[in-house]
Number of protein chains: 2
Amino acid sequence: MPAKASSAGLREQKKSETRTALRRAAVRLYAEKSPAAVTVQDICAAAGVSTRTFFNYFETKDDAVFDWDRRLSTQLVDAYLERPAAEPPFDALRRTLGTAVPLLVADPGWRERRRLLRAHPELVPKLLHSNSHMAEVLAEAVAERTGLRPDDLYPRLLAGAGLTALRAALRRWDPEASDAALLDLLDEAFGMLAAGLADPRGD
Amino acid sequence: MPAKASSAGLREQKKSETRTALRRAAVRLYAEKSPAAVTVQDICAAAGVSTRTFFNYFETKDDAVFDWDRRLSTQLVDAYLERPAAEPPFDALRRTLGTAVPLLVADPGWRERRRLLRAHPELVPKLLHSNSHMAEVLAEAVAERTGLRPDDLYPRLLAGAGLTALRAALRRWDPEASDAALLDLLDEAFGMLAAGLADPRGD
DNA sequence: GTGCAGTGCTGCAAAAATGCATTAATGTAG
DNA sequence: CTACATTAATGCATTTTTGCAGCACTGCAC
């Protein structure tokens, strides 16, 4: 009997290997050629599985490349749940993202992903899936933290607004600029939320 | 020379007719059978055009059914821009949605769309497209109203958070309940935003 | 009316995506 | 070890979606 159902198990291990192989192949080919020039067959040939298997792992061709984001959302939720219980949910999220962002910009995987998106802006809309998934799991985390239900107003509002803040900051940020600039933008965005989205012009 | 480039023109008129025919056929067939049981060919046969033409009008099969939402976003933006200039952007959005929601629940098209979504929840994720489109155009409207750029933090934050509030209220709302209940939920959600997303528990 | 430019519609081919049935390997109980 | 239940991987058929090229119609100038 395996020590842990999740970590051990030949079955799980092989599955994970196949998934990784597909993701790696997809990212490499996307970078080498261009997204449109890569077929699912190419990716599968490189990973050594059938085309049908590809769609058992990923819903769309591009999802393999953005598998990165799925894993990020897990990490983000874990970090959020580990914040001190005394911290109000809003501040906890603000600080979670404030901590995550520097790690993000330092992560080679994230940089590669970002390079791809800049080189091929047509991929940006394909991120919608990952975004909504992240809002979903984050709302559940907020619910757990506050004792509310995931369908209550507050968890969905906080998760949605917080991620909107992150996206707005990322969009506004010039990747050539410093990492600190991104943190400043994120802080400014959360400041606006904390201020109840009051008119930012001349008050 | 036609009176108006947009209203007149046999060409535009025919295009609009084709689009409407496709939308009507799609909605009718989706309701009669089930989404999965309807093929694009069915829709096109009912509308009298080729399958290729369908994809000249809509990006995906389901988009024809949700064409309704596209038109809604236009109306919403128009209504938002018509709010008194003295009104702060946040309050203007809050009141715009507060005015739009009663019209929404009374609209037969919206009710039909809602009935479809309840009968076939697998369609819900397909709405992501419409949602992000609405956030996009709404952010532009906020930018225009405030004199900021569409890529600035505030327009994206307000548009994103406001639509999140609308979605949260709609999700929480029991369609069997009164229309007033929905308005109350929307108001509560905007109240939370105005309060800077403070912890809603025991204060 | 004639001719020209623009662009919508169509068919065709290829790629993306899904459903279904089969096979083979893993995990589990006896 | 054997038998049985799960389920991942695959092939096949079908549908969905996209790119491309040709044809046809509209709008416009003369």
Side-chain angles (χ1 to χ4, degrees), chain A residues 1-23 25-26 29-30 33-67 120-123 125-126 128-129, chain B residues 1-23 25-26 29-30 33-67 120-123 125-126 128-129:
Chain A
M1 169 171 151
K4 248 179 114 185
S6 61
S7 72
L10 182 52
R11 208 157 200 160
E12 294 302 318
Q13 187 183 330
K14 278 198 170 181
K15 235 172 84 170
S16 169
E17 278 168 16
T18 302
R19 191 182 185 91
T20 302
L22 283 170
R23 182 183 59 240
L29 290 172
Y30 266 48
K33 315 165 89 169
S34 100
V38 178
T39 70
V40 174
Q41 292 200 349
D42 295 338
I43 301 173
C44 292
V49 295
S50 75
T51 20
R52 189 62 188 82
T53 296
F54 179 95
F55 289 104
N56 284 335
Y57 282 90
F58 304 105
E59 295 198 354
T60 74
K61 185 174 74 155
D62 304 308
D63 273 356
V65 171
F66 295 130
D67 195 31
H120 306 282
E122 72 273 16
L123 291 179
K126 308 297 182 67
L128 284 180
H129 240 230
Chain B
M1 168 170 146
K4 248 179 115 184
S6 60
S7 73
L10 181 53
R11 208 157 198 159
E12 294 302 319
Q13 187 182 330
K14 276 198 172 182
K15 235 171 85 168
S16 168
E17 278 169 16
T18 301
R19 191 180 185 92
T20 302
L22 283 171
R23 182 182 60 241
L29 290 172
Y30 267 47
K33 315 166 88 169
S34 99
V38 178
T39 69
V40 175
Q41 292 200 350
D42 295 338
I43 300 173
C44 292
V49 295
S50 76
T51 18
R52 190 63 187 84
T53 296
F54 179 94
F55 289 103
N56 285 335
Y57 281 90
F58 303 106
E59 295 198 353
T60 74
K61 185 174 76 155
D62 303 307
D63 273 355
V65 171
F66 296 129
D67 196 30
H120 306 283
E122 72 273 15
L123 290 179
K126 310 296 184 67
L128 283 178
H129 241 230

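Below, read A as the first sequence line, B as the second, and so on, with proteins coming before strands; counting in each chain starts at 1.
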Output, in order, the C-alpha distance, side-chain angles, deciding distance and verdict of side-chain contact (heavy atoms from CB on, under 4.5 Å) for B:Glu17 and B:Gln13. CA-CA 6 Å; B:Glu17 278 169 16; B:Gln13 187 182 330; 3.4 Å; yes
I'd like a list of close polar pairs between nucleotides 23-26 of chain C and the protein, N/O only, cut-off under 3.5 Å.
{"from": "C:dT26", "atom 1": "O2", "to": "A:Arg11", "atom 2": "NH1", "distance (Å)": "2.8"}

Report the distance from atom [atom1] of [X] to atom [atom2] of [Y], rounding to the nearest 0.5 Å.
{"X": "B:Asp63", "Y": "B:Leu22", "atom1": "CG", "atom2": "CG", "result": "12.0 Å"}
{"X": "B:Tyr57", "Y": "B:Arg23", "atom1": "OH", "atom2": "CZ", "result": "12.0 Å"}
{"X": "A:Thr51", "Y": "A:Ile43", "atom1": "OG1", "atom2": "CD1", "result": "11.0 Å"}
{"X": "A:Tyr30", "Y": "A:Asp42", "atom1": "OH", "atom2": "CG", "result": "10.5 Å"}
{"X": "B:Phe54", "Y": "B:Gln41", "atom1": "CZ", "atom2": "CD", "result": "12.0 Å"}
{"X": "B:His120", "Y": "B:Lys126", "atom1": "NE2", "atom2": "NZ", "result": "12.0 Å"}

Using heavy atoms and a sub-4.0 Å distance, could you list which residues of residues 39-51 of chain B are near DNA chain C? By number, please.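 Result for residues 39-51 of chain B: B:Val49, B:Ser50, sorted by number.
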Find the distance [X]:[atom1] to [N]:[atom2] and express it as a whole number of Å.
{"X": "B:Lys15", "N": "D:dG27", "atom1": "NZ", "atom2": "P", "value": "12 Å"}
{"X": "B:Gln13", "N": "D:dC25", "atom1": "CD", "atom2": "P", "value": "17 Å"}
{"X": "A:Leu123", "N": "C:dA16", "atom1": "CG", "atom2": "P", "value": "13 Å"}
{"X": "B:Leu22", "N": "D:dT16", "atom1": "CG", "atom2": "P", "value": "14 Å"}
{"X": "A:Leu29", "N": "C:dA15", "atom1": "CG", "atom2": "C1'", "value": "16 Å"}

Contact list for DNA chain D against residues 52-63 of chain A - heavy-atom distance below 4.0 Å: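 The answer is A:Arg52, A:Thr53, A:Asn56, A:Tyr57.
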Test item: B:Ser16 side-chain N/O and B:Glu12 main-chain N/O as donor-acceptor pair under 3.5 Å: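 It does not hold such a pair.
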Backbone N/O of A:Ala64 and side chain of A:Asp67: donor-acceptor pair under 3.5 Å: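 Flag not set: sc A:Asp67 to bb A:Ala64 has no pair under 3.5 Å.
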Do you know the tightest heavy-atom contact between A:Glu122 and A:Pro35?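 In terms of heavy atoms, the two residues are closest at OE2-CG, 4.2 Å.
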Can a donor-acceptor pair be found between the side chains of B:Thr53 and B:Asn56 at a distance below 3.5 Å?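 Absent: no donor and acceptor within the cut-off.
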